[in-house]
Amino acid sequence: MKKFTVCVLALAALVGFASCDDDKTENPANVTISVAPQTLTLSLADSSPKKVVVTTDASSWTAVPDNEWVKVERVGGDFNVSIADGLNEDRTTKIVVTAAEGPTAEVAVTQVKTDDPTPPETTVRIYLMPEDLLNEIFDGQISGVSSNGAYAVGHNSDYDKGFIWTKATGQYALITGSTDDDCAAYAVSDDGTVVGTFKDSNKKMVPGYWKNGTWTALPMLDGVGFYVDNGAAVTVSPDGGTITGYINMMSYRDELQKEVEVSRPVVWVNGVIQDNLSGDALPDANLQQSGYWVWGASDDGSVIGGVADFTTGTRSPAVWVNGTMTRLYGKEDIDPTVSQDFFDGMVSGVSRNGRYAVGYFSQAGDYSDAFSFVYDTQSGTLEEITEWGALSAVLDDGTIFGMDMQFGNGVIRTADFEGMLKDYLVERGLDVSAEGIPALISASTADCSVMGGYFIEVYDFGPVSTPTLVVIE
């Protein structure tokens, strides 16, 4: 793959929010509702409200706390949570979020008593890869972090050597078990199951998962007029049951009857390939140039983000929601007889809950006009961020990671911080002179306690990306 808010508020209030209809029904439309995060910890040391993101297709919803010491304030399609009575106590409660059609979701809320109304101290540690492994993983990056923060995985720039980091030991190790030990690791579940691509006995790089030292191939699907040659598994749900990725199909279809390769997204559930991205949603016959391929997905596989090619080779950042594709930019192919500006872009990350997708786009194709964007799949809105040339990852609450392309520094935006990743980490206890501060974060836990990416080392022959992992405790 390419590298590319609670504050203390004065008055207590019990607040519920709804649009026009709060009546529950039997949910005939199979409406769903989810919240992120599902747990909140509050204290008087907090400087701003805590945000909860609501993802739903309901006609309306309410958010009601069980106790009056919690204040809920709606902000757009989400809500903020804060301590309403200003008391310094240890206590717990919950907020019930209810869709008009019936389904509910809950946020568990804990207040922690504090003696000193200042943020609790944290420690920040950077885990660097040892020299002996760097000889194997030369020019590499962290590509995935498990949702529980127990594991991280990555690969080198040639995509033929993968590795895994285990928090319990703090150690990195090569992933073996394939032909010539050739593989690339892209994501990892909470039990340490790795997904990626590996060289099989036929010396083809095929999609699969690695567990207990053994690679297992995932099934691939032949298309109309194509045969499957290779592919990769790119994302995995925390429980390991849902995997998304792409398969590369070969066909003699151009005017010179040369063999060409095109890609298409796929979803595997419990090891079985799902063909819900074919048919009218994604007919193989409509795959253009190099096709469509995946860079991120929701945990349930219903929202996928990546790239969609046009016939001329121009590329659009695209999302598929329940199999239906939307090109976010570059909606129409260029006429090469009129313009040679071959636009380029991609969706580089999708939040686990499927609410957000991030990426970049360049109309000129040379990145001189590149900008980053955040797409809200629920509202259909696009936010453009011109000062950051590339976004790499997004969390369920809308936290985004990226790179300041002018200086090559990692950047982060949370509900209460926006700026350089280095400053964010220093505020939390990192030594300003520490080695290995990431230039880009490509994967993170929901609370940013474990973040992985790469930092850049400059040698005589040029810059090299080196895997790096940040742990905040």
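Note that the structure is a prediction, hence the values are computed from the model and not measured.
Two residues are said to be in side-chain contact when any heavy atoms from C-beta on lie closer than 4.5 Å; Val75 and Lys51 fail this criterion. Side-chain contact between Thr244 and Val267 is present, with at least one heavy-atom pair separated by less than 4.5 Å. Two residues are said to be in side-chain contact when any heavy atoms from C-beta on lie closer than 4.5 Å; Glu383 and Ile400 fail this criterion.
Applying the salt bridge (charged side-chain N to carboxylate O under 4.0 Å, His left out) rule to Arg428 yields no partners; only residues at least two apart in sequence or on another chain are considered. Listed by chain and number, the residues in a ring pair (Phe, Tyr, Trp, His ring centres under 6.0 Å) with Phe198 are Trp215 (sequence neighbours excluded). Residues satisfying the ring pair (Phe, Tyr, Trp, His ring centres under 6.0 Å) test with Tyr127, not counting sequence neighbours, are Trp165. Residues passing the side-chain contact (heavy atoms from CB on, under 4.5 Å) test with Asp90, sequence neighbours excluded: Val112, Lys113. Looking at residues two or more places apart in sequence or on another chain, you find a salt bridge (charged side-chain N to carboxylate O under 4.0 Å, His left out) between Asp191 and Lys211. Residues passing the salt bridge (charged side-chain N to carboxylate O under 4.0 Å, His left out) test with Glu387, sequence neighbours excluded: none. Partners of Lys199 under the salt bridge (charged side-chain N to carboxylate O under 4.0 Å, His left out) rule, at least two apart in sequence or in another chain, are Asp180, Asp182. Residues satisfying the ring pair (Phe, Tyr, Trp, His ring centres under 6.0 Å) criterion with Phe417, sequence neighbours excluded, are Tyr424. A search for ring pair (Phe, Tyr, Trp, His ring centres under 6.0 Å) contacts involving Tyr209 returns nothing, not counting sequence neighbours.
Formation of a donor-acceptor pair under 3.5 Å by the Thr197 side chain with backbone atoms of Gly231 is found in this model.
One distance of note links CZ of Phe455 with OG of Ser465; it measures 9.5 Å at 0.5 Å rounding. For the atom pair CZ (Phe310) and NZ (Lys331), the distance works out to 9.5 Å, reported to the nearest 0.5 Å.
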* Take Asp344 and Ser362, measure what side-chain hydrogen bond (donor to acceptor under 3.5 Å, both in side chains) needs, and give me the verdict at the end. => CA-CA 5 Å; Asp344 188 26; Ser362 170; over 6 Å; no
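Sorted pairs that involve residues 376-399 and meet ring-ring contact (aromatic ring centres under 6.0 Å, His included), not counting sequence neighbours, are lacking altogether. The stretch residues 447-459 participates, sequence neighbours left out, in no salt bridge (charged side-chain N to carboxylate O under 4.0 Å, His left out) pair at all. Applying the salt bridge (charged side-chain N to carboxylate O under 4.0 Å, His left out) definition to pairs two or more places apart or across chains, those involving residues 291-305 are Asp299-Arg352.
The pair Asp376-Arg355 meets the salt-bridge criterion, since a charged nitrogen lies less than 4.0 angstrom from a carboxylate oxygen.
For the residue pair Val52 and Val35, the shortest heavy atom distance occurs at CG1-CB, 3.9 Å.
Neither side chain, Ser392 nor Ser348, offers a donor N or O lying under 3.5 Å from an acceptor on the other.
Checked against Met129 for a side chain to side chain contact (heavy atoms under 4.5 Å, CB included), the options Leu469, Leu134, Thr468 give a single hit: Leu134.
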